[in-house]
Amino acid sequence: MPKPLSASFYARPTIEVARDLLGTVLIHRAPEGLAAGRIVETEAYLHDDPACHASRGPTPRNQAMFGPPGRSYIYLIYGMYHCFNVVTSPRGVGEAVLIRALEPLAGLPLMAARRKTDKPKALCSGPGKLVIALGLAKLPNGSDLRSGPVTILPPGSFPMAAGASPLGNIKVTTRIGITQAAQLPLRFYLEGNPFISRK
DNA sequence: AAACGGATGGGCT
DNA sequence: GCCCATCCGTTTG
């Protein structure tokens, strides 16, 4: 069984963490079964960045972002979906990385049942989709991603699914779906990967 | 292929 | 009361 990413992995500048998370494996060992996918798309949210929930100081919703790195930050968006983030940087700064897309690796039938589709490219190709596919919506905010049922494993440490695509170069673009600070180059994805949310 | 609008509810000015 | 770090079905070109 591979070891989850260390606490020191997350306690680094958020842009570095966002880039280095590409190729790692997000896994949820739920009572219903295991589901896992390779992270292929991320976005960085910085403390002085108007698009970041933490940029205007702590509130009840965003308090996990000010806690220790390597914990979850999950929030409700548009009344019906959730977004899953990993808290980064030294404790108290208020930064995180949004996980935007996964390449499904394990538990595809379970993902298909949760998502109500069995098309592999539709399972995890968006932040709301992957939360549904992995069953992350009810994970408590601030969950430790080194010890809980939801963890992130280093690249290549998980048995490669048949036909899984190779890792490409990292491409950088502006972030998706935001209005504030929309010009900042803080979205990262594996170039050519068919499982990203959009080109 | 792209554009559009509806669903749906908590957070914050 | 307005604003969303979204998704999906429908319409339009």
Side-chain angles (χ1 to χ4, degrees), chain A residues 10 13-19 21-22 24 26 35 37 39-67 69 71-89 93-104 108 111-143 145 150 152 170-190 193-199:
Chain A
Y10 299 102
T14 299
I15 290 175
E16 282 182 34
V17 177
R19 298 179 68 103
L21 279 172
L22 296 176
T24 64
L26 177 61
I39 296 175
V40 297
E41 178 181 344
T42 62
E43 284 177 359
Y45 287 86
L46 310 178
H47 73 278
D48 57 351
D49 155 18
C52 177
H53 291 171
S55 66
R56 286 166 291 284
T59 67
R61 175 176 65 159
N62 67 18
Q63 74 175 54
M65 291 188 78
F66 293 93
R71 308 291 182 102
S72 63
Y73 170 53
I74 301 170
Y75 66 91
L76 177 69
I77 184 78
Y78 295 112
M80 32 180 11
Y81 298 103
H82 295 264
C83 288
F84 174 80
N85 299 252
V86 175
V87 178
T88 56
S89 70
V93 174
E95 302 194 343
V97 173
L98 170 68
I99 309 302
R100 282 199 57 89
L102 306 177
E103 175 175 345
L108 272 71
M111 292 186 193
R114 287 169 170 157
R115 285 277 298 122
K116 307 188 195 311
T117 175
D118 58 4
K119 305 174 82 168
K121 285 204 287 190
L123 292 176
C124 301
S125 55
K129 296 179 189 178
L130 70 90
V131 165
I132 296 170
L134 265 62
L136 303 178
K138 291 179 304 219
L139 182 73
N141 246 305
S143 294
L145 299 175
V150 177
I152 304 179
I170 296 178
K171 192 97 176 172
V172 185
T173 70
T174 55
R175 295 173 291 184
I176 292 179
I178 58 167
T179 53
Q180 305 273 327
Q183 78 290 352
L184 298 180
L186 294 175
R187 171 176 176 247
F188 308 92
Y189 65 88
L190 294 178
N193 190 285
F195 297 93
I196 62 174
S197 64
R198 50 178 277 210
K199 304 281 274 194

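Chain naming here is simple, since letters A, B, ... match the order of the sequence lines and numbering starts at 1 in each. Because the structure is predicted, anything quoted here is derived from the model rather than measured.
Annotation for C124(A) and P104(A): closest pair SG-CG, 4.2 Å, computed over non-hydrogen atoms.
Here the P atom of nucleotide dA2(B) and the NZ atom of K199(A) are 12 Å apart, to the nearest Å. Taking atom CZ on R198(A) and atom C1' on dA2(B), their separation rounds to 11 Å, with Å as the unit. Whole-Å rounding puts the F188(A) CZ to dA5(C) C1' distance at 15 Å. Spacing between atom CZ of R56(A) and atom C1' of dC4(C) amounts to 11 Å, rounded to whole angstrom units. At whole-Å resolution of the value, CG in L184(A) and C1' in dA5(C) are 13 Å apart. Across the protein-nucleic acid pair, E95(A) atom CD and dA5(C) atom P stand 17 Å apart, rounded to whole Å. We find that CD1 of I77(A) is positioned 12 Å from P of dC12(B), with the value rounded to whole Å. Atom CG of N62(A) is separated from atom C1' of dG10(B) by 13 Å (rounded to the nearest Å).
Remark: side-chain polar atoms of R56(A) are paired, donor with acceptor, to backbone N or O of P50(A) under 3.5 angstrom. Remark: side-chain polar atoms of T42(A) are not paired, donor with acceptor, to backbone N or O of V97(A) under 3.5 angstrom.
Among R175(A), R100(A), R19(A), the one residue that satisfies the salt bridge (charged side-chain N to carboxylate O under 4.0 Å, His left out) test with E43(A) is R100(A). Between L134(A) and the options V150(A), L102(A), L139(A), a side chain to side chain contact (heavy atoms under 4.5 Å, CB included) holds for only L102(A).
Regarding contacts with the backbone of dA5(C), a side-chain N or O of H53(A) is found under 4.0 angstrom from either OP1 or OP2. The shortest distance between the side-chain N/O atoms of T179(A) and the OP1/OP2 oxygens of dC4(C) is below 4.0 Å. Within the structure, every side-chain polar atom (N or O) of T59(A) is placed at least 4.0 Å from both OP1 and OP2 of dG11(B).
The partner of dG9(B), taking Watson-Crick or G-U wobble pairs whose two distances both stay under 3.5 Å, is dC4(C). Using the Watson-Crick or G-U wobble rule with both distances under 3.5 Å, dA3(B) pairs with dT10(C).
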**OP:** Give the B/S/- string for nucleotides 7-13 of chain C, one per nucleotide from 5' to 3', where a protein heavy atom under 4.0 Å of the base yields B, of only the sugar-phosphate yields S, and otherwise -.
**Re:** SS-----
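For a distance-only test at 3.5 Å, the side chain of Y75(A) qualifies as a donor-acceptor partner of the base of dA5(C).
Using a 4.0 Å heavy-atom criterion, one finds that R61(A) contacts the sugar-phosphate atoms exclusively.
S125(A) and K121(A) form no side-chain donor-acceptor contact under 3.5 Å, judged by distance and modelled atom types alone.
Atom CD of E16(A) has more than 12 neighbouring heavy atoms from other residues, nucleotides or ligands inside a 6.0 Å radius.
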